[in-house]
Participant: 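Please read through the structure below; I'll follow up with questions.
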Amino acid sequence: MDRVLGKLRSLDAYPKINEDFYSRTLSGGVITLVSSVFMLLLFFSEFRLYLHTVTETKLLVDTSRGEKLKINFDVTFPAIPCSLLSVDAMDISGEQHLDIRHDIVKKRIDPQHNVIEVKPDVIGAPKIDKPLQKHGGRLEHDETYCGTCYGAEASDDDCCNTCEEVRDAYRRKGWAVTNVDLIDQCKREGFVQKIKDEAGEGCNIHGSLEVNKVAGNFHFAAGKSFHLSNFNVQDLIAFQAESHNISHKINSLSFGDYFPGAVNPLDGVQWAHETQNGMYQYFIKVVPTIYKDIRGRTVNSNQYSVTEHFRNNEMGRPQLLPGVFFFYDFSPIKVTFKEEHIPFLHFITHICAIVGGIFTVAGIVDSFIYHGQKAIKKKREIGKFS
């Protein structure tokens, strides 16, 4: 047994020296104190990093299919009345949504940007007087109302009971409503008077759209858009002859839900219109993003980059639809952010590295000073140091 213990004793990498042989110096005490302070500072710094989360970033190929994209927007148009402002969306698959009203709220604002009225964008309006029936007579109390679409009916059974329904029917035909005063529904609802009352006002429009996750565009048009089903977005034609000031401020624009650290480059962007009519275009590259926090909660969202361009109505060019267009496409690369703690073993490894490193460096410095002082003292004793 003593032989085994002796073998183990011979493996000791830390031989002990009798305290009688220790030589303690003032420089060694100072170095010990300074190195201890450094150890404590670095320890607390490393401990604070251990308590906080770190975000790991990975790039993957986006293999998702058949998903939907939620677009959140809040845009202010200081020179376009709410009654003329519409939102349209379409994508490369051919799906179109014209004059979208669901989940959208409009705020009428005065030239000083004070809110005049807030209301959801809904279809229809209060009706007054006896409506004109499709057959030409006025509505009687024992009849069911079925208004005429003024030649835009898709079938004999179609009815247009509001000004908006007439305009929608015309839009589906690709026709322009040139004189709303001749349309009974618009006359009864005071559509023309409503536009006149909002003259000089602006509009803040905010809400959300849900579209297919394919390349497409959505736009805010000054005046209702009239699209034929086979038109591409480059072929959009404005049937209104008025001039529109499309100055605008994008208060916020995001694709998907918020996640920590998200930066939307168009938030707060403002553009002032210097010429009449034209098309302001934003070209957006959407990057699918997944964010996983430390609690395991996953947020499927998107980031984006953007460039912009203004197309003016110049001579020799086709008439452009006055408005603000957002053309978006998707990156094939998906970004994942994952929050995680530094592993405990890594923390212990860093602490050992700090203590061992400072202890070693302090020992080297102390040895250099000690032997330097000893050499100088020896030379002084033999008179070789002046």
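Heavy atoms only: backbone and side chains are in, while hydrogens, waters and symmetry mates are out.
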Participant: Pairing donors with acceptors under 3.5 angstrom, does anything connect the side chains of Ser252 and Asn72?
Facilitator: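 There is no such pair (donor and acceptor under 3.5 Å, judged by atom type) between the side chains of Ser252 and Asn72.
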Participant: To the nearest 0.5 Å, how far apart are CG in Asn302 and CD1 in Ile290?
Facilitator: 10.0 Å
Participant: Check the pair Val324, Phe77 against side-chain contact (heavy atoms from CB on, under 4.5 Å), reporting the backbone distance first and the verdict last.
Facilitator: CA-CA 10 Å; Val324 179; Phe77 294 86; 3.6 Å; yes
Participant: In this structure, would Phe330 and Ile92 fall into the same cluster of hydrophobic residues linked by side-chain contacts under 4.5 Å?
Facilitator: no
Participant: Heavy-atom distance under 4.5 Å between the side chains of Glu46 and Leu42, does that happen here?
Facilitator: no
Participant: Is the CZ atom of Phe43 crowded by more than 12 outside heavy atoms at less than 6.0 Å?
Facilitator: yes
Participant: Decide yes or no for Lys58 and Lys338: does some side-chain heavy atom of the first lie under 4.5 Å from some side-chain heavy atom of the second?
Facilitator: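 They are not in side-chain contact.
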Participant: Check whether any side-chain N or O of Asp62 sits under 3.5 Å from a backbone N or O of Ser64 as a donor-acceptor pair, and report yes or no.
Facilitator: yes
Participant: Any non-hydrogen side-chain atom of Asn212 less than 4.5 Å from a side-chain atom of Glu95?
Facilitator: yes
Participant: Do other residues, nucleotides or ligands put more than 12 heavy atoms under 6.0 Å from His341 NE2?
Facilitator: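 Yes.
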Participant: If you count heavy atoms of other groups shown closer than 6.0 angstrom to CZ of Phe283, is the number above 12?
Facilitator: yes
Participant: Please walk me through it: do Phe259 and Arg297 pass side-chain contact (heavy atoms from CB on, under 4.5 Å)?
Facilitator: CA-CA 11 Å; Phe259 62 90; Arg297 186 174 65 95; over 6 Å; no
Participant: Check Ala79 against Pro81 and note the closest heavy-atom contact, atom names and distance.
Facilitator: O-CD, 4.0 Å
Participant: Would you please classify the geometry between the Tyr304 ring and the Phe255 ring as parallel, tilted or perpendicular, with 30° and 60° separating the classes?
Facilitator: perpendicular
Participant: Within the structure provided, determine whether Ile246 and Phe310 are in side-chain contact (heavy-atom separation under 4.5 Å).
Facilitator: yes
Participant: Please examine the side chains of Leu209 and Ile104, heavy atoms only from C-beta on, and report whether any two atoms are closer than 4.5 Å.
Facilitator: yes
Participant: Please report the C-alpha distance between Ile364 and Phe368 in whole Å, then the side-chain angles of each, then the deciding distance to 0.1 Å, and finally whether the side-chain contact (heavy atoms from CB on, under 4.5 Å) criterion is met.
Facilitator: CA-CA 6 Å; Ile364 293 172; Phe368 177 79; 5.5 Å; no
Participant: Do the side chains of Ile354 and Val361 join up, straight or via other hydrophobic residues, at under 4.5 Å, putting them in one cluster?
Facilitator: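 Ile354 does not cluster with Val361.
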Participant: Would you check, one step at a time, whether the test side-chain hydrogen bond (donor to acceptor under 3.5 Å, both in side chains) holds for Lys106 with Asn204?
Facilitator: CA-CA 6 Å; Lys106 291 180 179 179; Asn204 170 263; over 6 Å; no
Participant: Ignoring hydrogens and angles, tell me if any N or O in the side chain of Ser301 forms a donor-acceptor pair with the backbone of Asp257 under 3.5 Å.
Facilitator: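 Yes, the answer is positive, given that a donor and an acceptor are paired below the 3.5 Å cut-off.
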Participant: If we ignore hydrogens and angles and just use 3.5 Å, is the side chain of Ser367 paired with the main-chain N or O of Gly363 as donor and acceptor?
Facilitator: no
Participant: Show the nearest heavy-atom pair for residues His219 and Asn217, with the distance to one decimal.
Facilitator: ND1-OD1, 3.0 Å
Participant: Please report the interatomic distance CD1(Ile80) to CD1(Ile109), rounded to the nearest 0.5 Å.
Facilitator: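 The distance works out to 10.5 Å.
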Participant: Can you find a pair of side-chain heavy atoms, one from Thr148 and one from Glu153, that are under 4.5 Å apart?
Facilitator: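 Result yes, sub-4.5 Å side-chain heavy-atom pair found.
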Participant: Tell me if a side-chain donor or acceptor on Ser45 pairs with a main-chain N or O of Leu41 at a distance below 3.5 Å.
Facilitator: no
Participant: May I ask you to check if the distance between the SG atoms of Cys203 and Cys82 is under 2.5 Å?
Facilitator: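 Yes - the two cysteines, Cys203 and Cys82, have SG atoms within less than 2.5 Å of each other.
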Participant: Verify the cluster assignment for Ile284 and Val214: are they in a single hydrophobic cluster under the rule of side-chain heavy atoms below 4.5 Å apart?
Facilitator: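 Not linked; separate clusters.
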Participant: Answer yes or no: is there a donor N or O on one side and an acceptor on the other, between the side chain of Tyr150 and the main chain of Tyr170, under 3.5 Å?
Facilitator: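 No.
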Participant: Using 0.5 Å steps for rounding, measure from the NZ atom of Lys213 to the NZ atom of Lys68.
Facilitator: 12.5 Å
Participant: To the closest 0.5 Å, what do you measure between CG (Asn300) and NZ (Lys292)?
Facilitator: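 If I round to the nearest 0.5 Å, the distance is 9.0 Å.
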Participant: Using side-chain contact (heavy atoms from CB on, under 4.5 Å), reason through Tyr282 and Tyr328 one step at a time and then give a plain yes or no.
Facilitator: CA-CA 8 Å; Tyr282 293 96; Tyr328 57 87; over 6 Å; no
Participant: Assigning hydrophobic clusters by single linkage (Ile, Leu, Val, Met, Phe, Trp, Tyr; side-chain heavy-atom cutoff under 4.5 Å), is Leu253 placed with Val287?
Facilitator: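 Per the 4.5 Å side-chain linkage, Leu253 and Val287 are not co-clustered.
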Participant: Kindly give the heavy-atom pair with the smallest separation between Asp366 and Gly28, and that separation in Å.
Facilitator: OD1-CA, 3.2 Å
Participant: What distance separates Glu56 CD from Thr336 OG1, expressed to the nearest 0.5 Å?
Facilitator: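 One gets 7.5 Å once the value is rounded to the nearest 0.5 Å.
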Participant: Grab the two heavy atoms, one from Val211 and one from Ala89, that are nearest each other, plus how far apart they are.
Facilitator: CG1-CB, 4.4 Å
Participant: Does Glu339 reach the main-chain N or O of Ile294 with its side chain, forming a donor-acceptor pair under 3.5 Å?
Facilitator: yes
Participant: Could you tell me which non-hydrogen atom of Ser35 sits nearest to which non-hydrogen atom of Thr32, and how far apart they are?
Facilitator: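 The pair with the smallest heavy-atom distance is OG-O, 2.9 Å.
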Participant: Can you tell whether the side chains of Asp103 and Lys70 come within less than 4.0 Å, N to carboxylate O?
Facilitator: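 The answer is no: the pair does not qualify as a salt bridge.
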Participant: Do Phe326 and Ile205 land in one hydrophobic cluster if side-chain heavy atoms of ILVMFWY residues count as linked below 4.5 Å?
Facilitator: yes
Participant: To the nearest 0.5 Å, what is the distance between NE2 on His350 and OH on Tyr50?
Facilitator: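 His350 NE2 to Tyr50 OH: 12.5 Å, rounded to 0.5 Å.
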Participant: Between Asp329 and Phe327, is any pair of side-chain heavy atoms under 4.5 Å apart?
Facilitator: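 A side-chain contact under 4.5 Å is absent here.
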Participant: What heavy-atom pair brings Tyr258 and Val299 nearest, and what distance separates the two atoms?
Facilitator: O-CG1, 3.8 Å
Participant: For a ring pair (Phe, Tyr, Trp, His ring centres under 6.0 Å) check, start with the C-alpha distance between Phe73 and Phe220, then their side-chain angles and the critical distance, and finish with the verdict.
Facilitator: CA-CA 11 Å; Phe73 60 86; Phe220 302 92; 5.2 Å; yes
Participant: Is it true that Glu201 and Arg108 have a side-chain N and a carboxylate O under 4.0 angstrom from each other?
Facilitator: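 A salt bridge is present here (some side-chain N lies under 4.0 Å from a carboxylate O).
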Participant: Counting C-beta onward and ignoring hydrogens, is there a side-chain heavy-atom pair between Leu59 and Val335 closer than 4.5 Å?
Facilitator: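 SC-SC contact between Leu59 and Val335 confirmed.
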Participant: Counting N and O atoms only, with roles assigned by atom type, does the side chain of Asn161 sit under 3.5 Å from a partner on the main chain of Gly147, one being a donor and the other an acceptor?
Facilitator: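 Indeed, once roles are kept as given, a pair shorter than 3.5 Å links the two residues.
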